[in-house]
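Remarks on the structure that follows.
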Amino acid sequence: MGFKVAVVGATGNVGREILTTLAERDFPADEVAALASSRSVGREVSFGEDDILTIQNLETFDFHGIDIVLSSPGAKVSAQFAPRAAKAGAVVIDNTSCFRMDPDVPLVVPEVNPKAIADYQKRGIIANPNCSTIQMVVALKPLHDLARIKRVVVATYQSVSGAGRAAMDELFNQTRAIFVNDPVKSEQFTKQIAFNVIPHIDIFMDDGDTKEEWKMAAETRKILDPDIAVSATCVRVPVFIGHGETVNVEFERALSADMARTALRRAPGVSVVDHRADEGYVTPTEAAGEDLVYVSRIRRDPTVPYGLNLWVVADNLRKGAALNAVQIAEMLVAEHLGGKRAPTRSNVEPLRRKAG
Ligand SMILES: NC(=O)c1ccc[n+]([C@@H]2O[C@H](COP(=O)([O-])OP(=O)(O)OC[C@H]3O[C@@H](n4cnc5c(N)ncnc54)[C@H](OP(=O)(O)O)[C@@H]3O)[C@@H](O)[C@H]2O)c1
């Protein structure tokens, strides 16, 4: 018998990627419930190559008997449903910003702080970090272990898929409209995103940072080290999938570019592609659909005593969201829920084969 899993937000960008990732990695689930809003009830979503699931209503779903919930319905919805699911006995792995800074909720990147998963017992909830934070801390962890990071200055180049399905549609529709000379409508972004870049992700805070910039600093400190200073500028770019980041790192001790390259080559979840020549680096389009965090352009920053510059790229829907959540679920199962099996339940669909 496998585990009973619910995916909340299963019609969205992250939810669909979670279903794909569970199937691809052969997650030990024998029942999977796909949940979304009442708007989507009855719609069908794919689960792997061969199976389909019918969307059920999150609002009325009974979580008793569910072992693990992987969720991405937006922060306000998670605030409502996650405590209800945890009370019913499920462990919720939540992709939204809702619980990330809750001191009783672990914020986990398996390559960086896997032991924190054990704290799931406090509230029955584990938080998945922001997509931009995840790829950065995967690259920073092996360097921090070697030479202690003091300060990070990062600029992001974030794809529109990070803002959901409707944002991807907006980039497509604006691009088309510009080519055929139709009026350009901006609803998901504050300004035109096609053929443009927008230095504004999430809301503005009192100090002038955006909340996305604040998240990168606060989450990095919670996951990696509370003493690391992070200054971020987050920018939306007209790319469908894949975030790029320029990361300037200042260390306490000397760390050469060669030593950093060697450490990153050995680090889990990282691929170094750094040839200092045409095509010798990875771009977001090439990282789309891939699981690894790619690090290129590793070079010394001569303006500080011990500094390096990096270019870090990953698929924001996979390592930045779905894959990281499924990796957490895999560790949870292997290390904490090993012996547990839920009683038989009736409100979860058994897997149904696709026709043909
Ligand atoms: N995209 C990324 O790179 C990324 C990375 C990390 C974290 N996240 C976070 O994950 C969340 C979802 O992102 P996304 O890109 O998947 O957005 P999305 O494509 O807009 O999908 C949103 C999902 O949430 C569901 N939903 C909305 N309101 C709901 C409600 N009242 N009850 C139940 N389900 C509801 C939607 O269902 P309907 O189809 O029924 O409306 C849909 O399945 C956000 O909080 C985002 O910040 C995203």
Side-chain angles (χ1 to χ4, degrees), residues 6-21 33-46 53-61 63 69-82 84-85 92-100 107-109 126-137 156-172 187-189 201-203 210-212 215-216 219 234 236-237 239-245 284 287-289 293 313-328:
V7 177
V8 174
T11 53
N13 270 350
V14 175
R16 282 175 302 157
E17 200 67 43
I18 287 172
L19 288 169
T20 302
T21 309
L35 312 178
S37 76
S38 55
R39 296 178 290 273
S40 304
V41 171
R43 268 185 59 187
E44 291 184 337
V45 287
S46 293
L53 302 170
T54 305
I55 297 290
Q56 302 181 61
N57 191 351
L58 170 67
E59 214 173 300
T60 53
F61 187 78
F63 284 95
V69 180
L70 295 141
S71 64
S72 56
K76 282 189 190 143
V77 180
S78 285
Q80 296 288 321
F81 100 84
R84 171 166 71 88
V92 180
I93 302 168
D94 185 53
N95 272 282
T96 77
S97 59
C98 183
F99 303 101
R100 289 179 191 153
L107 182 65
V108 178
V109 177
I126 301 170
N128 210 51
N130 181 40
C131 40
S132 307
T133 309
I134 293 176
Q135 69 182 64
M136 182 170 80
V137 295
T156 69
Y157 304 72
Q158 296 182 222
S159 67
V160 294
S161 57
R165 271 172 321 181
M168 296 178 84
D169 292 344
E170 184 153 304
L171 172 58
F172 180 86
E187 286 163 358
Q188 301 299 317
F189 298 107
I201 301 179
D202 210 329
I203 56 171
T210 62
K211 193 148 183 216
E212 188 82 352
K215 282 181 220 164
M216 287 194 78
E219 293 178 16
C234 294
R236 191 72 71 188
V237 297
V239 168
F240 282 105
I241 295 175
H243 291 355
E245 297 175 346
V293 172
V313 175
D315 182 327
N316 53 294
L317 297 179
R318 288 186 73 92
K319 187 56 193 167
L323 173 65
N324 198 72
V326 172
Q327 287 175 311
I328 293 171

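Since the model is a prediction, treat every value here as computed from it, not as a measurement. Every number for a ligand or one of its atoms is a count from 1 in the order of the listing. Residues: numbered from 1 along the sequence shown.
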Hey, is ligand 1 close enough to S97 that some N/O pair sits below 3.5 Å?
no
Are any of the N or O atoms of L317 closer than 3.5 Å to those of ligand 1?
no
To the nearest 0.5 Å, what is the distance between OG on S40 and CG on L58?
11.0 Å
Which residue owns the protein heavy atom closest to atom 1 (N) of ligand 1, what's the atom, and how far is it?
S161 O, 3.1 Å
Pairs of nitrogen or oxygen atoms closer than 3.5 Å, one from S40 and one from ligand 1: do any exist?
yes
Can you list the steps and then say if F63 with F81 is a side-chain contact (heavy atoms from CB on, under 4.5 Å)?
CA-CA 10 Å; F63 284 95; F81 100 84; 3.8 Å; yes
Numbering as shown, the atoms of ligand 1 that approach G164 to under 4.0 Å (heavy-atom distance):
15 (O), 17 (O), 18 (P), 19 (O), 20 (O)
With a 3.5 Å cut-off and no angle check, do the side chains of Q80 and E59 form a donor-acceptor pair?
no
If you measure only the distance, is there a donor-acceptor pair under 3.5 Å linking the side chains of D202 and T210?
no
So, is R100 polar-close to ligand 1, with some N/O to N/O distance under 3.5 Å?
no
For atom 21 (O) of ligand 1, what is the nearest protein heavy atom, given as residue, atom name and distance?
G12 CA, 3.2 Å
Minimum-distance pair of heavy atoms, taken over all atoms of A321 and L317
CB-O, 3.6 Å
As an exercise, state the distance from SG of C234 to OH of Y157, rounded to the nearest 0.5 Å.
11.5 Å
Can you report which non-hydrogen protein atom sits closest to atom 24 (O) of ligand 1, along with the distance?
P73 CA, 3.3 Å
Tell me which part of N13 gets within contact of ligand 1: side chain, backbone, both or neither, using heavy atoms under 4.0 Å.
both
Atom 31 (N) of ligand 1 - nearest protein heavy atom and its distance:
V77 CG2, 3.5 Å
Which option, G15, S72, S71, S159, owns the non-hydrogen atom nearest atom 23 (C) of ligand 1?
S72
Is it the side chain (CB and beyond), the backbone, both or neither of S38 that lies under 4.0 Å from ligand 1, heavy atoms counted?
neither
Please check if any side-chain donor atom of N57 sits under 3.5 Å from a side-chain acceptor atom of S38, or the reverse.
no
Give the numbers and elements of all ligand 1 atoms closer than 4.0 Å to a heavy atom of A10.
43 (O)
Can you tell if the side chain of P284 reaches within under 4.5 Å of the side chain of S159, non-hydrogen atoms only?
no
Protein residue, atom and distance nearest to atom 43 (O) of ligand 1, heavy-atom basis
T11 OG1, 2.6 Å
To the closest 0.5 Å, what do you measure between CD (E219) and CZ (R100)?
4.5 Å
Protein residue, atom and distance nearest to atom 3 (O) of ligand 1, heavy-atom basis:
N316 ND2, 3.2 Å
Let me confirm one number: the OG1-CZ distance from T156 to R236, rounded to the nearest 0.5 Å.
8.0 Å
Ligand-side contact atoms (ligand 1) for residue partner T96, heavy atom cut-off under 4.0 Å:
45 (O)
CD/E44 to CD1/I55 distance, rounded to the nearest 0.5 angstrom?
9.5 Å
Measuring to protein heavy atoms, does anything land under 4.0 Å from atom 7 (C) of ligand 1?
yes
Nearest protein heavy-atom contact for atom 46 (C) of ligand 1: which residue, which atom, what distance?
N95 O, 4.9 Å
Below 4.5 Å, heavy atoms only, C-beta onward: do M168 and N13 meet side chain to side chain?
yes
Around atom 5 (C) of ligand 1, find the nearest protein heavy atom and jot down its residue, atom name and distance.
A321 CB, 3.5 Å
When you check the side-chain N and O atoms of N316 and S161, is any donor under 3.5 Å from an acceptor?
yes
For ligand 1 and R165, I'd like to know whether there is a polar contact (N/O to N/O, distance under 3.5 Å).
yes
At a 4.0 Å threshold, what atoms of ligand 1 neighbour a non-hydrogen atom of G162?
1 (N), 2 (C), 3 (O)
Quick one about K319 and N324 (side-chain donor to acceptor, distance below 3.5 Å, no hydrogens or angles considered), yes or no?
yes
Say whether V14, considering both its backbone and side-chain N or O atoms, lies within less than 3.5 Å of an N or O atom on ligand 1.
yes
Flag L58 as yes when one of its N or O atoms lies below 3.5 Å from any N or O atom of ligand 1, and as no otherwise.
no
In ligand 1, which numbered atoms sit nearer than 4.0 Å to a non-hydrogen atom of G320?
5 (C), 6 (C)
